[in-house]
Amino acid sequence: MSNQELSEQQVIRRNSLQKLRELGIDPYPAAEFRVNATSTEIKANFSEEKSNYQDVVLAGRLMSRRIMGKASFAEIQDYKGRIQIYVNRDELCTGEDKTMYNEVFKKLLDIGDIIGIKGFVFKTQMGEISIHVKELTVLNKSLRPLPIVKEKDGKTYDAFSDAEQRYRQRYVDLIVNPQVKDVFIKRTKIINTMREMFNEYGYFEVETPILQPIPGGAAARPFITHHNSLNIPLYLRIANELYLKRLIVGGFDGVYEFAKDFRNEGMDRTHNPEFTVMEIYVAYKDYKWMMSFTEQICERVALALHGTTKVQLGENIIDYKTPYPRVTMTEAIKEYTGYDISGKSEEELREICDKLGIEIDPSMGKGKLIDEIFGEKCEHNYIQPTFITDYPVEMSPLTKKHRENPELTERFELMVNGKELANAYSELNDPIDQRERFEEQLRLSEKGDDEAMFIDQDFLRALEYGMPPTSGMGMGIDRLTMFMTNSPSIQDVLFFPQMKPEKKVTVELTEDEKAVMELLKTQSPVYLNELKEKSGLSNKKWDKAIKGLTKHKLAKVEKNDDGLFVELV
RNA sequence: CGGUCUGUAGCUCAGUUGGCAGAGCAGCUGACUCUUAAUCAGCGGGUCCAGGGUUCGAAUCCCUGCAGACCGACCA
């Protein structure tokens, strides 16, 4: 990057960098800088009576400065938080040479630089716990100005709030918006809490393929890629279910994976093309057991994060206290539409959809129709955690038929805030039934349902060896994090949400500019009016072209006694 | 994919009827030894998203494009 493209503030910072080097200060030192305290720890534990923390070393980013002649206050931010520092000229520079204060601290350092300090903790006249600096080390010179967010009386001024910039430059977002960091700390705590719980139960964390020859285990459109040396297409997984079940066949009695899945579908505030799902499979259990297990997970996560089961989410308070109500899908539809769908044919269901004003198309089978009714009329009503159970067999091709009614399956979804949070079954382990269900999916696919499942022959082969009765559950981690951190958008719980590529800035000359350059090459300097006439450009086009050229420092306009001239640079 | 809105200094944002490009913070110069949105005096900083059109004249009006936000559609 040339100097012309840098803003004034960037140039000044580069100059300061150079001056630091001239003073013999390495702006990017290699040596370990060992700290012995953090900002929040000091603020929590310092007391004037005990007069502790009299020899502290900490490091962090300079976030604000208040310079007053021979003494200054500033704030540094470490990974825990911020603390004020007090820098006194004659104490930082005990000898005659006051360069470290007058030049380095006051002039050459900027907001955003990373420094290390040694000193002692004290309380200012205003009562703020601060660090009296005795020694200062430059650890990193920052070359770009940070957005400056200020705060007073809980009111935030000049917030860095542009969503696009926050997501594209998450590192800046994390530096200046402390609430953002908090969301991601909670996200990791959610995952750790779940992992801890599963390990207590003795379940085994595993990894399964992301590149799959057959994208199975869910109804969704996959991303496709290509393996060169095998010369075959491969798909990015849409789910890991079929692989985890193979492991249950293999003899593990509980396996789980925190998995990135990929779906080639629309993006909005609740959907990112890649997202994280926790899937767990436990042998010798059924979906009823899994319901209790699932509600325990939610309760435990809520307690770990908030110390209470009640969590604010938008205008609602969600209470994750167990147990949660269990409502069958048929009951749910009856409650919110008045129609009893049990035992109805595909034709009758189409009629019901028509009467309810639900849009349908011919490719939809019985299961999809019921799914539409539930999605349109019922789903959004379940704000508090609720299990919806016993889905129709057509929409659950991997689920065991219900032990009491073969039209239904042993499946539940956990609804929270009107959205699906988890999905679980008594897993289908009858290989012949499973083959028939796959074939039914194939027929749906031929009818035009582009989300119907492929037939995975190897998975069927595994089931033929025999899988114990098993219950499996998948939970959306992004969605759970949104619920637990009161985040309205999935982009707020992903460090790097998918974005359209940034537009490239081209410095290529336009056609008009090129034409003027050609003329200038034949004669330079030249009268401005003569050049303008030769170019044959309109006033506006001429103006754009010549301004463009001077901007790029390819030509310049000079005025002398004879008039205006244009000259090549 | 459709509708609405947005794009101006490093950040947050004004910009009237089309008539010299603005403020606060940040930056620079100076003053100031307990400040905290520090204060005081002075100064600099712009591809007004890009391209085209209308006009004597466009940040402003029109068209096209790009990027984003929100709401729908689709989906988890």
Side-chain angles (χ1 to χ4, degrees), chain A residues 5-13 15-16 63-75 82 84-91 101 107 110-112 122-128 130 132 143-153 155-168 172 176 218-221 238-239 261 263-273 275-277 359 371 375 379 413 419-423 450-451 474-479 488-491 499-507 510-512 538-541 543-544 547-548 550-552:
Chain A
E5 289 160 337
L6 297 175
S7 71
E8 186 195 25
Q9 294 194 42
Q10 286 175 298
V11 171
I12 288 165
R13 281 169 183 250
N15 290 341
S16 299
M63 295 304 287
S64 72
R65 292 195 301 169
R66 291 178 285 280
I67 292 173
M68 316 162 294
K70 298 184 188 67
S72 304
F73 286 94
E75 277 177 302
R82 286 190 191 187
Q84 178 169 270
I85 63 172
Y86 175 72
V87 185
N88 183 304
R89 187 191 69 184
D90 297 325
E91 293 183 63
Y101 182 77
K107 300 266 177 66
D110 289 289
I111 289 173
F122 74 111
K123 210 174 234 180
T124 65
Q125 287 172 11
M126 301 302 286
E128 177 149 348
S130 308
H132 197 120
L143 297 182
R144 281 177 186 267
L146 280 175
I148 309 291
V149 182
K150 296 209 166 185
E151 217 184 286
K152 169 152 187 170
D153 303 332
K155 260 171 88 180
T156 304
Y157 298 81
D158 301 326
F160 180 62
S161 55
D162 183 87
E164 182 185 0
Q165 287 195 73
R166 287 186 42 226
Y167 302 146
R168 285 196 196 280
V172 175
V176 303
R221 284 195 293 276
I238 55 174
D261 287 347
R263 297 190 185 174
N264 205 342
E265 289 164 352
M267 288 165 57
D268 59 32
R269 73 174 193 291
T270 57
H271 298 88
N272 196 63
F275 60 104
T276 306
V277 173
E359 271 184 56
D371 192 30
E379 198 174 55
E413 286 191 0
K419 302 263 165 52
E420 176 195 339
L421 176 60
N423 182 16
D450 58 1
E451 291 180 350
M475 189 179 280
I477 296 298
D478 308 298
R479 192 161 279 181
S489 161
I490 196 170
Q491 294 168 309
M499 306 280 280
K500 283 196 203 176
E502 273 183 272
K503 204 181 156 192
K504 275 180 239 135
V505 199
T506 51
V507 283
T510 66
E511 288 305 308
D512 293 340
S538 70
N539 281 342
K540 182 161 187 160
K541 286 192 171 193
D543 194 59
K544 280 264 184 213
K547 277 183 177 160
T550 51
K551 198 120 231 164
H552 290 130

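Throughout, a chain's letter reflects where its sequence line sits, starting with A, and its residues are numbered from 1. Given the structure is predicted, the values throughout are model-derived calculations rather than measurements.
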Can you list the residues that meet the side-chain contact (heavy atoms from CB on, under 4.5 Å) rule with [X], with sequence neighbours excluded?
| X | value |
| --- | --- |
| Pro488(A) | Asp492(A) |
| Asp90(A) | Asn88(A), Lys98(A) |
| Met499(A) | Glu164(A), Tyr167(A), Arg168(A), Gln491(A) |

For Phe122(A), which residues count as a ring pair (Phe, Tyr, Trp, His ring centres under 6.0 Å) partner, sequence neighbours excluded?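 If we apply the ring pair (Phe, Tyr, Trp, His ring centres under 6.0 Å) test to Phe122(A), skipping adjacent residues, the hits are Tyr86(A), His132(A).
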Considering residues at least two apart in sequence or located in another chain, which fulfil the salt bridge (charged side-chain N to carboxylate O under 4.0 Å, His left out) criterion with [X]?
| X | value |
| --- | --- |
| Asp110(A) | Lys141(A) |
| Glu128(A) | none |
| Glu379(A) | none |

I'd like to know if the side chain of Arg66(A) reaches the main chain of Phe73(A), judged simply by a donor and an acceptor atom lying under 3.5 Å from each other, with no hydrogens or angles considered.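 Flag not set: sc Arg66(A) to bb Phe73(A) has no pair under 3.5 Å.
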Using a 3.5 Å distance criterion without hydrogens, assess whether the side chain of Arg65(A) forms a donor-acceptor pair with backbone atoms of Ser72(A).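 Checked: no pair found.
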With [atom1] as the reference atom in both, quote the distance from [N] to [M] in angstrom, rounded to an integer.
| N | M | atom1 | answer |
| --- | --- | --- | --- |
| rU4(B) | rA76(B) | P | 29 Å |
| rG15(B) | rU60(B) | P | 14 Å |
| rU36(B) | rU17(B) | P | 42 Å |
| rG44(B) | rC28(B) | C1' | 7 Å |
| rU64(B) | rC56(B) | P | 24 Å |

Return the nucleotide paired to [N]: Watson-Crick means purine N1 to pyrimidine N3 with N6-O4 or O6-N4, wobble means G-U with N1-O2 and O6-N3, both under 3.5 Å.
| N | result |
| --- | --- |
| rG46(B) | none |
| rG57(B) | none |
| rC1(B) | rG72(B) |

One character per nucleotide, please: for nucleotides 32-41 of chain B, 5' to 3', B when the base has a protein heavy atom closer than 4.0 Å, S when only the sugar-phosphate does, - otherwise. BBBBBBB---
Check the interface with nucleotides 2-9 of chain B: list each N/O to N/O pair with the protein under 3.5 Å, or write none.
none

Measure distances between side-chain N and O atoms of Gln9(A) and base N and O atoms of rA26(B), and say whether any donor-acceptor pair falls under 3.5 Å.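 Answer yes: a donor N or O sits under 3.5 Å from an acceptor.
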